[in-house]
Amino acid sequence: MSDKGILIVISGPSGAGKGTICAELRKQMPNLVYSVSMTTRQPRVGEEEGISYFFRDVDTFEKLIKEDAFLEYAKVYDNYYGTPKEHVMNLLEEGKSVILEIDIQGAMKVKESYSDAVFIYVVPPSLDVLTSRLHGRGTDDKEVIHKRLSLACSELALAHRYDYIVVNDDLEDAIERTASILRAETCKISRNKEKIQYIYKRYSNEQQENH
Ligand code: ADP
Ligand code: 5GP
């Protein structure tokens, strides 16, 4: 028997560096599983089906909403995005920790049902930096970037609903802080009941053997 895995929710404005940080965390922490979301938006150059997202049309997505197939879903920048439920729940039961990289609406829905999830908000140090990162990434046209920037300000006002904030200024440092948050969370007593019982039994056995 093992304790359940941790549900980790990472949000922040588009271009904040969530994907970059998560990719590095997965390299450092092989037990972390990244939940692949479903979306109705068009794939960007280089994005792969089933790895970046499951790309589906609106009809399919809406059918799955009716079937209650999502842990959460939201409409972000005119497209649907959602977390397939069953896979995530199975992983958590198996003791694996799962990262959801989702928007703030989805994060708040997760909070209603999974209050012991860990909520991390990633922000760039300024709007100017965010603007240049979005342009530098080169994946979105001007209109899309404009939409994303205007949402960034209004959403920042809701950051206090998260447990942790990571200002992504220096990338290495931001990765290290995020990894530290996750390491600390895995050590919480409340997340280690099975492990404590196991250690307790071992201590008891050792005590008996030694007498
Ligand atoms: P998000 O997943 O939050 O939309 P990305 O991870 O795609 O953001 O990052 C947006 C762009 O900014 C990418 O081109 C990425 O390489 C770059 N980037 C991320 N973090 C930093 C950083 N700390 N310093 C400089 N560039 C960064
Ligand atoms: P992008 O189009 O840049 O990949 O993502 C746009 C936004 O959608 C980001 O804020 C991202 O975190 C969010 N997003 C990605 N997947 C999901 C999801 O499954 N659910 C929700 N609610 N948001 C998501």
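Atoms within a ligand are numbered from 1 in the order they appear, just like the ligands themselves.
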Out of [options], whose heavy atom is nearest to [atom]?
atom	options	value
atom 20 (N) of ligand 1	Asn168, Asp173, Thr20	Asn168
atom 27 (C) of ligand 1	His135, Arg137, Arg133	Arg133
atom 10 (C) of ligand 1	Gly136, Gly15, Ser14	Gly15

For [atom], what's the nearest protein heavy atom and its distance?
atom	value
atom 11 (C) of ligand 2	Glu101 O, 4.1 Å
atom 8 (O) of ligand 1	Gly17 N, 3.1 Å
atom 10 (O) of ligand 2	Asp103 CB, 4.0 Å

Would you say [X] has any N or O atom under 3.5 Å from an N or O of ligand 2, going by distance alone?
X	value
Ser37	yes
Arg137	no
Val76	no
Arg41	yes

Measuring from non-hydrogen atoms of [X] to any atom of ligand 2, is the shortest distance under 4.0 Å?
X	value
Arg44	yes
Glu72	yes
Tyr53	yes

**Prompt:** Taking distance alone, with no angle check, do Asp170 and ligand 1 share an N/O pair under 3.5 Å?
**Reply:** no

Do [X] side-chain atoms and [Y] backbone N/O form a donor-acceptor pair below 3.5 Å?
X	Y	value
Lys111	Arg161	yes
Asn168	Ala16	yes
Glu72	Ala107	no
Ser11	Tyr121	no
Asn31	Lys96	no
Lys18	Ile10	no
Thr40	Tyr80	yes

**Message:** Below 4.0 Å, non-hydrogen atoms only: which portion of Met108 touches ligand 2? Side chain, backbone, both or neither.
**Reply:** neither

I'd like to know if [X] and [Y] make a salt bridge, using a cut-off of under 4.0 Å between side-chain N and carboxylate O.
X	Y	answer
Lys147	Asp78	yes
Asp173	Arg177	yes
Lys109	Glu112	no
Lys85	Asp68	yes

[X] heavy atoms, cut-off 4.0 Å: which ligand 1 atoms fall inside?
X	value
Glu101	2 (O)
Pro13	3 (O)
Gly19	1 (P), 2 (O), 6 (O)

Numbered atoms of ligand 2 (with element) below 4.0 Å of [X], judged on heavy atoms:
X	result
Ser14	3 (O)
Lys18	12 (O)
Gly106	22 (N)
Ala74	22 (N)

**Asked** Is it true that Asp169 lies under 4.0 Å from ligand 1, counting heavy atoms only?
**Response** yes

**Message:** If we only consider heavy atoms of Pro124, is any one of them less than 4.0 Å away from an atom in ligand 1?
**Reply:** no

**Asked** If you measure only the distance, is there a donor-acceptor pair under 3.5 Å linking the side chains of Glu47 and Tyr53?
**Response** no

**Message:** Under 4.0 Å, heavy-atom basis, I'd like to know which part of Ala174 is in contact with ligand 1: side chain, backbone, both or neither.
**Reply:** neither

**Item:** Path from Ile120 to Ile104 over hydrophobic side-chain contacts below 4.5 Å
**Value:** no

**Request:** Answer yes or no: are there more than 12 heavy-atom neighbours, outside Glu206 itself, under 6.0 Å from its atom CD?
**Result:** yes

**Message:** If you count heavy atoms of other groups shown closer than 6.0 angstrom to OH of Tyr73, is the number above 12?
**Reply:** no

